Amino acid sequence: MSSFAITLPDGSQKSVDAGARPLDVAEAISPRLAEAAIVARVNGVLWDLTRPFTGDSTLELLTNKNPEALEVYRHSTAHLLAAAVLELYPETQLGIGPPIDTGFYYDFDRPVPFTPEDLEKIEAKMWEIQARDLPYDRILTRKDEGLEKYKDMWMKSELITERADEVFSEYTLGPAFIDFCRGPHVPSTKKIKAFKLLSIAGAYWKGDEKRKQLQRIYGTAFFTKKEQDEHLARIEEAKRRDHRKLGAELDLFSIQELAGPGLAFFHPKGGIIRKTLEDWMREAYLKRGYSLVYTPHVARVDLWKTSGHFGFYRENMFTVMPLDDAEYQLKPMNCPCHILVYARKPHSYRDLPQRLGELGTVYRYERSGTMHGLMRVRGFTQDDAHIFCTPEQVESEVVACLEFAIDTLRTFGFEKYKAEISTWDGGASGKYDGSPEHWQLAENALRRAVEKLGIEATVVPDEAAFYGPKIDMKLVDAIGRLWQLSTVQFDFTLPRRFQLEYIGEDGKKHQPLMVHRALFGSVERFFGILVEHYAGAFPVWLSPVQVAVMPITDKQLDYAKQVAKELEADGVRVYLDDRNEKVNLKIRDAQMQKIPFMLVCGGREAEQGTVSVRHRKHADQGVKPLAEFREQIKQLIATRVNND
RNA sequence: GCUGGCGUAGCUCAGCUGGUAGAGCAUCUGAUUUGUAAUCAGAGGGUCGGGGGUUCGAUCCCCUCCGCCAGCUCCA
């Protein structure tokens, strides 16, 4: 009888009989390790705990500390879901069931869609199967046999035809369930301790909207009930912060059915916040050497033909407006307009870089099912700028853009962010426009810029726009969500299409490089992100109402008016709550409106020229002279403190 | 655009398998003059998303359109 040498991560070796499995090694080390192990890594490959070694091997046992183990665990939970569905609804056809960031899903083809009640039944059935402690057994099948076995299951047949090797693996779950699957899986259903089915949704087979639409069941799964509860609590927290909900509650904005979907109306309170964002941004443009331009919202179709948008972007544009002289179209992008400004006259290399910036409103015809509050709309304003520069200037311009982006993030209370550089495929496919020299120059500039600034960046090959490489900044919000925000993109196509030029030192014509960049991305979307980041409790400098002044009785009304007037003279946004109501109610209302400061003015305060300060988070702050409070709040506003 | 769910007063919702609608909050009026998260009373307010159909009769059933929500696909 032969034996295999198994090398553990610490370098120690164990000799096992042929036929031994990782689980046996785990048990030999300690029963607790065997209990905690989810899956193994054998010779660098994820491997079932119950799959025998095939020779001398390295072995790593993955427990619930390991993210890859969680993926396997969720994948196994997806199989459990499929098994439950087949027990309840045997006519169902199986698609795929992978793990995802927050859990798993499984796609099913079934004549009758699932209902929420079905979901409960399925979940109950899953627990029933889980309790049976069924093993996930790996068996091997020849491809021709497999195709015969799965011939009535169209999706599995398709997958086997495309993906299976001559001999492929399947996983069973009890006597009745078998699924074409690469694995690996947990050893048995008893390993699965916490899961919950969350929702049903339509999803296209292979993500292709021309293919059949399937029923997708989403679920979440964690190693422990506690982690799962925390995850579900995060979902609840996200709902509580939803900018659509807060936008209505705080009276910030609305979307009007009469006007149409995806078109945002900012109310007075949302308006003042938006103005503050925009003012900050315009000021920053000027400080950083940008020029401000204004360009029209509509232009002749010819412009969009020249830019190329009429060709490749047409299905995202509002339809053509035929007028007397020509056909016009709403602008979906600002670039061509800024290019016209650049091209109005000849430029010397001495004039470069030209940084043309605008809060430019664009209109894109988004498909009806894709709108989402302020995050995805049909009319929105980009903080858009285009930098026309020489090849020598590219790198410093990119660095400046990224510094600008980081300043923007910090100003609005985001400390964490990530960068992603999207590059081309090296020209292999021919789908990218521009010369290799240009691509290399631009990609190097992006790489060096992040290095220089010490930004954590990942490079994603073959994800660039066809017209140039780009770098995207993603922010992490207060509850850990990632949002795509700033983008810095090269564009090799438009300068050529518009035949842009500058006169170089050599007296000859050259084509400038063009960098497209947006930091908020869209003002609307950024506004929505801010609402969710702060859960509606904006820092003082952004709060639509910064101070609520509340007289206790109308005997103090004159004093309260005086307090409000003095604060207003300092530029503070004040709401004087002169309603004939109790302070309790006034405070409750102010709290719900998330007003940072409440100034209670009673007889004592009126007499002494003081105010009783209440902060929305820290409650009663005691009495202080009005002058002192004025200084304090002026300071908070001027320094744009994010965490008051 | 696709799949599923949903649409009742400004908001949150109730309305027993068809007999033309109710509550709380908000609004207005009055009383109350109040000390750190809801004072009391009265009043006004709804073509039950729009249109069409079935029916003696439709908020309820059917068709269609619009919008919203969860996803898919796309994307700032």
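Since the model is a prediction, treat every value here as computed from it, not as a measurement. Atom set for the values below is all heavy atoms of this structure, side chains included, hydrogens, waters and symmetry mates excluded. Proteins come first, then strands; the chains are lettered A, B, ... in the order of their sequence lines, and each starts at number 1.
Relative orientation of the Phe629(A) and Phe597(A) rings is perpendicular, given thresholds of 30° and 60° on the angle between their planes. Between His79(A) and His75(A), the angle of the ring planes goes over 60°, which puts this pair in the perpendicular group of the 30/60° scheme.
The base of rG71(B) is not paired with the side chain of Tyr204(A) by any donor and acceptor separated by under 3.5 Å. Within 3.5 Å, a donor on the side chain of Arg367(A) pairs with an acceptor on the base of rU73(B), or the reverse. A donor N or O paired with an acceptor N or O is not found under 3.5 Å between the base of rG1(B) and the side-chain atoms of Glu366(A). Scanning atom types as modelled, one donor and one acceptor separated by under 3.5 angstrom connect the side chain of Gln213(A) and the base of rC2(B).
Going from the C1' atom of rC11(B) to that of rA58(B) covers 27 Å, rounded to whole Å. Between rC48(B) and rC60(B), the distance separating the two C1' atoms is 10 Å to the nearest Å. Spacing of P atoms, rG46(B) relative to rG30(B), comes out at 23 Å, to the nearest Å. Rounded to a whole angstrom, the distance from the C1' atom of rC25(B) to that of rC68(B) is 23 Å. Rounded to whole Å, the C1' atom of rA9(B) lies 6 Å from the corresponding atom of rG45(B). rA21(B) and rU47(B) have their P atoms separated by 13 Å, with the value rounded to a whole Å. When the P atom is used for both rG22(B) and rC16(B), the distance is 14 Å, rounded to whole Å. Straight-line distance between the P atoms of rU73(B) and rU27(B): roughly 45 Å, to the nearest whole Å.
Under the 4.0 Å criterion applied to side-chain N and carboxylate O atoms, Lys206(A) and Glu162(A) are assigned as salt-bridge partners. Checked for salt-bridge contact, Asp472(A) and Lys470(A) meet the test: a charged N lies under 4.0 Å from a carboxylate O. Salt bridge status for Asp242(A) with Arg244(A): present, with a side-chain N to carboxylate O gap under 4.0 Å.
Where Thr553(A) and Arg376(A) meet RNA chain B, the nucleotide closest to each residue was compared, and Thr553(A) sits on the side nearer the 5' end. Across the interface with RNA chain B, nearest-nucleotide mapping of Arg364(A) and Gln215(A) shows Gln215(A) to be the residue nearer the 5′ end.
To the nearest angstrom, P of rC2(B) lies 13 Å from CE of Met371(A). What separates CG of Asp251(A) from C1' of rA26(B) is a distance of 12 Å, to the nearest Å. Atom CZ in Arg517(A) sits about 15 Å away from atom P in rA76(B), given to the nearest Å. Per the geometry, CD belonging to Gln382(A) stands 15 Å off P belonging to rC75(B), to the nearest Å.
Here Tyr105(A) does not reach the OP1 or OP2 of rG71(B): none of its side-chain N or O atoms lies under 4.0 Å away. Checking the phosphate oxygens (OP1, OP2) of rC69(B), a side-chain nitrogen or oxygen of Arg244(A) falls inside 4.0 Å. In terms of phosphate contacts, Arg614(A) brings a side-chain nitrogen or oxygen within less than 4.0 Å of OP1 or OP2 of rA37(B).
The nucleotide rC28(B) finds its pairing partner in rG42(B), both defining distances of the Watson-Crick or G-U wobble pair being shorter than 3.5 Å. Look at rU17(B): it lacks any Watson-Crick or wobble partner with both distances under 3.5 angstrom. When both distances must be under 3.5 Å, the Watson-Crick or G-U wobble mate of rU3(B) is rA70(B). Nucleotide rG35(B) forms a pair with no other nucleotide shown, judged by Watson-Crick or G-U wobble geometry with both contacts under 3.5 Å.
Counting any heavy atom pair closer than 4.0 Å across all strands shown, Glu581(A) reaches a base atom. Contacts of Val583(A) with the nucleic acid, taken as non-hydrogen atoms under 4.0 Å apart, involve only primed sugar atoms and P, OP1 or OP2. In this structure, Tyr218(A) reaches the sugar-phosphate backbone alone: every heavy-atom distance under 4.0 Å involves primed, P, OP1 or OP2 atoms, never a base. Using a 4.0 Å heavy-atom distance criterion, Val377(A) is classed as a base contact. Nucleic acid contact for Gln593(A): none, since no nucleic acid atom lies under 4.0 Å from a heavy atom of the residue.
Relative to the six-membered ring of Tyr105(A), Arg216(A) meets both conditions, a distance below 6.0 Å and an angle of at most 45° to the axis. No cation-pi contact links Arg288(A) to Tyr285(A), judged by a cut-off of 6.0 Å to the six-membered ring centre and 45° from its axis.
The aromatic ring of Phe380(A) stacks onto the base of rA76(B), its centre lying under 5.5 Å from the centre of the six-membered base ring with the two planes under 30° apart.
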